[in-house]
Amino acid sequence: MFEVCFLGTSASAPSVERGLSAALVLHRDQRFLVDCGEGTQRQLLRSGLGFRKLDKVLLTHGHLDHILGLGGLVSTFSRWESIDTLHIYGGNWALQRVQDLMHVVLRGGEVDTAVELVEIHSGPIWQGGAMTITAFPVSHRGPGCFGFCFEERTHRPFLADRAQTLGIPNGPERRQLVEGHTVTLADGRVIAPQDVLGEPIAGTKLVHVGDAGRTDNLIEVARDADALIIEATYTSRDEEMAARFGHLTARQAAELAAEANVKALFLVHLSRRYSEYETLREARAVFENTMVPRDLDMFRIMRGQVLAIDDEERQRLAQPEAMGRP
Ligand SMILES: [Zn+2]
Ligand SMILES: [Zn+2]
């Protein structure tokens, strides 16, 4: 289960309603900021989620509308926030631009917050809490653009009733079975893990793609995702412009969602030239379960289900004690 807060959903330049690209992905007690456009730190405050535990930033690419907010964020962290190290994950080109930006912000001075730039390649980039983040290549303008697949591990539930019936005592034997080991009980009987474990239950899969110019290379990575977040800068009436600038139309994004059999589609990075309705109408004609989130909208992504999170629930998530929940 993941929660996603859309912090900025405008392309290239902000509009009155929409800020520049950023989204916060929450998984248990971990928080990941995906992109950090200008104005992100104020959006984090407005969202009620704040800066707490915000020590990991994933960059889809190095365009300024996705990274400029890092300057302000690091400046704030270096003075007021108790974050020891901010890890910024990105491709080589994106990180070079961030390094230039940090040179201006930090001016080589000693600050409390260390910035660690972590260069990523295709493959797993972070693991923990029964969840893996895998980076995959995305075609846009410039080298080293990546999308991110957040995926909980598949697990097999422990069938306590079955264990009880088989007379397996509470204790280390049960733990060994859960870990996949065969055990021999005191009375000599041999119990295999499959005797007490249920059918595998797949974890939740959330795929986040930043700016993208084509979708044919994204079908497999997005396959069967519970939610796909992807740009839809243009609509089909400006199809040629979309192709020229390495962006997608709402219809292309929706066709990807349909072909990859995703459960829910979120369209972000909208150009100011369209109404939300126009983008939504075009995408829904192809893929019904499409949403065009507004800034600060928040959703819970579960296996096969997406729910909007209301203000009350958001406040609960902002509480420190909520961070340790299972
Ligand atoms: Zn962009
Ligand atoms: Zn871009």
Side-chain angles (χ1 to χ4, degrees), residues 4-25 32-44 57-73 88-101 119-120 122 135-148 207-218 221-222 228-235 238-253 256 265-274 276 279 283 292-295 297:
V4 180
C5 183
F6 293 93
L7 298 167
T9 56
S10 181
S12 307
S15 67
V16 173
E17 296 84 15
R18 295 178 184 272
L20 291 174
S21 288
L24 192 65
V25 175
F32 304 88
L33 182 62
V34 185
D35 287 340
C36 187
E38 175 198 340
T40 296
Q41 54 175 334
R42 188 147 184 272
Q43 293 294 78
L44 281 164
V57 182
L58 315 181
L59 297 177
T60 59
H61 64 301
H63 283 153
L64 293 181
D65 57 323
H66 298 254
I67 66 166
L68 268 185
L70 283 170
L73 194 68
I88 302 176
Y89 299 78
N92 181 279
W93 174 64
L95 294 187
Q96 279 182 32
R97 299 192 91 176
V98 171
Q99 203 159 22
D100 289 348
L101 185 60
E119 186 178 339
I120 61 170
S122 293
F136 54 87
V138 172
S139 306
H140 177 51
R141 304 195 316 275
C145 304
F146 290 97
F148 303 105
V207 175
H208 188 296
V209 178
D211 296 8
R214 44 185 266 233
T215 57
D216 57 299
N217 56 348
L218 301 175
V221 288
L228 169 64
I229 301 166
I230 191 167
E231 74 132 300
T233 312
Y234 294 92
T235 68
D238 295 311
E239 205 168 30
E240 280 173 24
M241 210 171 356
R244 187 153 24 110
F245 294 117
H247 286 296
L248 298 179
T249 64
R251 189 176 64 206
Q252 286 175 299
L256 168 65
L265 174 66
F266 292 96
L267 299 180
V268 295
H269 202 267
L270 269 59
S271 164
R272 289 181 294 173
R273 53 169 69 73
Y274 313 107
E276 186 180 302
T279 300
V292 175
R294 294 176 178 171
D295 283 14
D297 278 357

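Just so you know, ligand 1 is whichever comes first in the structure, and atom 1 is the first atom listed for that ligand. These values consider heavy atoms only, across backbone and side chains, with no hydrogens, waters or symmetry-generated copies. For the single chain, residues carry numbers from 1 onward in sequence order.
Summary: OD2 is the N/O/S atom of Asp211 found nearest to the Zn ion (ligand 2). No other N/O/S atom of His63 lies as close to the Zn ion (ligand 2) as ND1 does.
At least one N/O/S atom of His66, from backbone or side chain, sits under 2.8 Å from the Zn ion (ligand 1). Within the 2.8 Å limit, Cys145 places no N, O or S atom next to the Zn ion (ligand 2). At least one N, O or S atom of His61 sits under 2.8 Å from the Zn ion (ligand 2). In summary, Asp65 places an N/O/S atom under 2.8 Å from the Zn ion (ligand 1), meeting the contact criterion.
Between the side chains of Asn92 and Gln96, a donor-acceptor pair is found at a separation under 3.5 Å.
Side-chain contact between Leu59 and Asp35: present, with at least one pair of heavy atoms (C-beta onward) separated by less than 4.5 Å.
Between His66 and His61, the angle of the ring planes lies from 30° to 60°, which puts this pair in the tilted group. Ring planes of Phe245 and Tyr234: parallel class, angle under 30° (limits at 30 and 60°).
Screening Val292, Thr279, Thr233 against Tyr274 for a side chain to side chain contact (heavy atoms under 4.5 Å, CB included) leaves a single residue, Thr279.
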